[in-house]
Structure formats: C-alpha cells, structure tokens
Amino acid sequence: MAAPASRQVRRRARAAPRPRSAEDWWWDRLAPRGSGYHLLQSDSMLLVLSEPGPARPRAQRRASRRTPRQPPRGPSAAAKPKAGLRSEAAAAPAPAPAPTPTPEEGPDAGWGDRIPLEILVQIFGLLVAADGPMPFLGRFSQLQRLTLIHWKSQVHPVLKVESTAVVSFLEEAGSRMRKLWLTYSSQTTAILGALLGSCCPQLQVLEVSTGINRNSIPLQLPVEALQKGCPQLQVLRLLNLMWLPKPPGRGVAPGPGFPSLEELCLASSTCNFVSNEVLGRLLHGSPNLRLLDLRGCARITPAGLQDLPCRELEQLHLGLYGTSDRLTLAKEGSPFLTQKWCHTLRELDLSGQGFSEKDLEQALAAFLSTPGGSHPALCSLNLRGTRVTPSTVSSVISGCPGLLYLNLESCRCLPRGLKRAYRGLEEVQWCLEQLLTSPSPS
C-alpha cells in the first residue's frame, strides 16, 4: 500500500542534509556521535555530559508496547480432524504465549543523570565562581583529555593564576590523562615541567601551539626528560613554536626515546632551531613512526633523515615556505629519502627545497622500481618552487597511477601554463598529456 503523499513529502524534507559549519565540526569533536556524551551550552560555560543511560533499541520498545495475541477459544476455533485420522497438531495442547522480554536494567549512572540540566549548570557555575575552573576538574574521575587552547582575552592574567591549579590537577589526576592540548605562553612552562616529572605516564597525545598571539619567548624543552616523563607518547606536535631544545650536556647518556611514537610534527612558519642532532635525539628510539612533519625546519638535511630507525614512514613533509632565504640549502641528497621509503610513502612534500635537477630526477626515479613490482603508494607530491624538469614529472606521473595531488607551482624549469596544482586523477593525467606534447622550455 503506497504511503500518503504528505508522508512522502515529509520524508524527503527530512532527508535533505543541512550544510555543516565550522561550529558543527568543533561540537562533533568535543562529543562525537555515538560516544555517549552530549553538549550543553550556557552563557559562560560549555558542559560535556554523559547520556542518561543505554537506550533500548526502537524495535524492542515497539515489542514491549504490543500485547501478545491470545489464541481464540471455542469449538469453532479448532480445526476438525478427518474421521479415522488423528491429527498430532490438534491433539497437542496450544503453546503458551512467549513472555514479553524485559530489558535488563544497567547500572545507575549517578546523581548527575537524575538532576535537570538547568540545575547542573547552576551547580557548576557556583563551583567555578568559587574555586575557578581548574581545581574543579579534579572532581571528574574519568577525565582523560584536557584542552587549553584558543584563548582570546586575559590570557596572561588568567594563566598566571590557573597554571598552578593545572599543575596541581595534573599531579593528582595525571595518571589517567591520555591527551593534552596547550597554547604556549610564559606561564605554561610550569605545566610542561609537571609533565617532565612523570605526572602523566600514560599520556599519548601532546600538542603545544602558539595560538593566536605568537609568543616570542623560546620554548626550553629538554628532550631526554620528556622521554622519561611521557614514555607512552604516540603523537607529539610542537606547532609554530620558537623551540630551543636544551642541550643534553657532556657525558649524558642518550634518552630512552619514544618507542610508541607514530607522529612527530615540528612545523613552523618561521625558521627554527631544529637540527639533525636534535632530530636524532628525538627519534633514535621510534621505529614505528608513520608521519614526520618538518615544514620550516631548514636545518634538517637528507643526511640527518637517512639514519632514522623508522622503516615504514608514510608521510614526509619537508616544505620550506619563505623561511630559508638566508640559509644555504642542500643541493644533493634527496635520493636518500626516496630510496629508503619509496615502498611506503603516500605523501611527500619537497616544496622550496634547493635540490638540483639531476638530484630530483634520481630521487623520483625510486618510485618507478618499487620492490616486488607493485605500484608505489604515492598519492600526494608537492614540488612547489623546486627545479624539477618536465621529463622527471612525466616519469613520476606515469609510474605512480595512484597520484591524486601534484603541486608544480613556481617550478622554473616547467613550461608556462603548467605551473599550478593538480587535484584528482583527471587533472594529473591532463598534466601528463600536456607535458608529453608541449615543447621543452628554452
């Protein structure tokens, strides 16, 4: 039976997706769908609250509302068996109706689920007004993630007061902390000092960034102490920081490393002080590294990357964006990188590097002869501002059928009209056709 037209119109209107905004993305990150949490926003705070309890499936709720259908009574209800034959079905007694399944009651989620949300907001507001937000965090026994980023006003006065409270909180509850995001300022050094003291031994993600207002005070971070204080780190991001690694000192044994580290991001928009020696101290014990982002680290050379213990690197970002004008860049050594990781690299960024035409040709040729004869995994290649030649680009496109992004902006050796970024398989193949038919630049 066809559904009424009004119901069909209603279904179509309900199915139309609403365009997602940046706010929707941020809310989904705070409380993902299906995580058992939801958000409540008031004038001065944002609460992440647990759901009231496990909800019954919709089919189970419908089944509980139905009444079991009783078998009809009376002589006319039973089928009369034929004479001389005894029907087993007729002789058998009527089966009893199956009992309605009752859902098992889960454990009581606590008083927070029995109090209206408006009253909870008032309770939390009074506590925060009396003691500040950070001491109140120690009452959350299941807290595993703490974010202190995107401060817009009163940054230094607030952090000067709250940094002591954060340190106290980490010392009390840091054993269960897994992820920590910080905006770096002169006051967050105390928080980092608490991490070096092994207050968060189970920490897996640590991100420190400059936020909106860039801080001119260099970050003093002893590498070996961080390795001892956070031995379970899997992701380490020091974003856009003026990072001054503390020297290890004479006669100091190498640190334990980060044996579980999978991502290291030291990207910066300005020149930093990360060198081959510092990179070796960070990654000498990280064989499982998958992502290495060194954008803006102009002092890193292929020789420093060649000795790293990781063999399955998938993303390597070495782009330089206006940060190397006063530095002498390496002109040779790029083949060391591709020969080591050509079988696993999916993304390679060499933008702004000073490698010569011949050096780049040898480096990208490594993707044409992968072990076992399989196709290379490369799907993103950024050669912006390099001296790559048309023949080299043609060879790498032909040898990497999975290439979906190719940036050739400002490549001085390429013909005019082709110096742009190509996105998608069709655009990349179009670039190959143009390179094969266009005359070489004079």
Side-chain angles (χ1 to χ4, degrees), residues 178 180 192-193 195-198 200-208 218-239 241-268 271-320 330 332-350 353 363 366:
R178 298 293 185 272
L180 181 60
L192 294 175
L195 296 179
L196 303 181
S198 301
C200 299
Q202 303 297 324
L203 194 67
Q204 298 175 357
V205 177
L206 174 60
E207 178 178 315
V208 185
L219 171 62
Q220 296 278 348
L221 186 62
V223 174
E224 288 74 17
L226 182 62
Q227 292 171 345
K228 295 178 181 178
C230 303
Q232 302 297 325
L233 265 187
Q234 299 177 7
V235 176
L236 176 59
R237 303 187 187 109
L238 305 177
L239 303 176
L241 292 175
M242 187 179 294
W243 183 37
L244 189 61
K246 237 179 176 180
R250 295 181 179 179
V252 177
F258 295 111
S260 302
L261 195 66
E262 298 180 1
E263 175 184 338
L264 175 63
C265 182
L266 304 177
S268 176
C271 187
N272 55 39
F273 301 96
V274 180
S275 61
N276 292 341
E277 183 265 341
V278 173
L279 191 65
R281 289 165 56 191
L282 278 169
L283 297 178
H284 71 88
S286 304
N288 300 318
L289 194 70
R290 295 293 184 269
L291 187 153
L292 182 57
D293 190 347
L294 300 175
R295 286 174 292 181
C297 300
R299 289 177 169 83
I300 298 294
T301 65
L305 297 170
Q306 187 181 13
D307 297 332
L308 296 180
C310 49
R311 298 292 178 182
E312 305 292 330
L313 196 65
E314 298 177 0
Q315 301 180 49
L316 178 60
H317 302 275
L318 300 175
L320 302 175
E332 299 179 350
S334 59
F336 296 149
L337 310 178
T338 55
Q339 291 171 4
K340 182 174 183 178
W341 294 307
C342 64
H343 62 293
T344 57
L345 269 182
R346 296 188 295 106
E347 299 182 13
L348 177 61
D349 181 4
L350 298 176
Q353 291 286 348

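Since we're looking at a predicted model, the values are computed, not measured.
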Can you list, pair by pair, the side-chain donor-acceptor contacts under 3.5 Å of residues 287-298, counting residues two or more places apart and other chains?
| unit_1 | atom_1 | unit_2 | atom_2 | d |
| --- | --- | --- | --- | --- |
| Asn288 | ND2 | Pro259 | O | 3.4 |
| Arg290 | NH1 | Asn288 | O | 3.1 |
| Asp293 | OD1 | Arg295 | N | 3.2 |
| Asp293 | OD1 | Arg295 | NE | 2.9 |
| Asp293 | OD2 | Arg295 | NE | 3.2 |
| Asp293 | OD2 | Arg295 | NH2 | 2.5 |

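- With sequence neighbours left out, the side chain to side chain contact (heavy atoms under 4.5 Å, CB included) criterion links Ser286 to Phe258, Leu261, Leu283.
- No side-chain heavy atom of Leu238 sits under 4.5 Å from any side-chain heavy atom of Val274.
- If you take CD on Glu314 and CZ on Arg346, they are separated by 5.0 Å, rounding to the nearest 0.5 Å.
- With rounding to the nearest 0.5 Å, the separation of CG in Leu279 from CD1 in Ile300 is 4.5 Å.
- To the nearest 0.5 angstrom, Gln204 atom CD is 8.5 Å from Ser260 atom OG.
- The main-chain N or O of Gly280 is never found under 3.5 Å from a side-chain atom of Asp307 such that the two would form a donor-acceptor pair.
- Atom CD of Glu263 sits in a crowded spot, with more than 12 heavy atoms from other residues, nucleotides or ligands closer than 6.0 Å.
- With Gln227 contributing its side chain and Arg281 its backbone, the two residues share a donor-acceptor pair below 3.5 Å.
- Side-chain contact check for Val205 versus Arg237: some heavy-atom pair is nearer than 4.5 Å.
- In this structure, Leu320 and Gln353 have side chains that are in contact, with non-hydrogen atoms separated by less than 4.5 Å.
- Residues satisfying the side chain to side chain donor-acceptor pair (under 3.5 Å) test with Thr344, not counting sequence neighbours, are none.
- Nearest approach of Trp341 to Leu305, heavy atoms of both residues: CH2-O, 3.6 Å.
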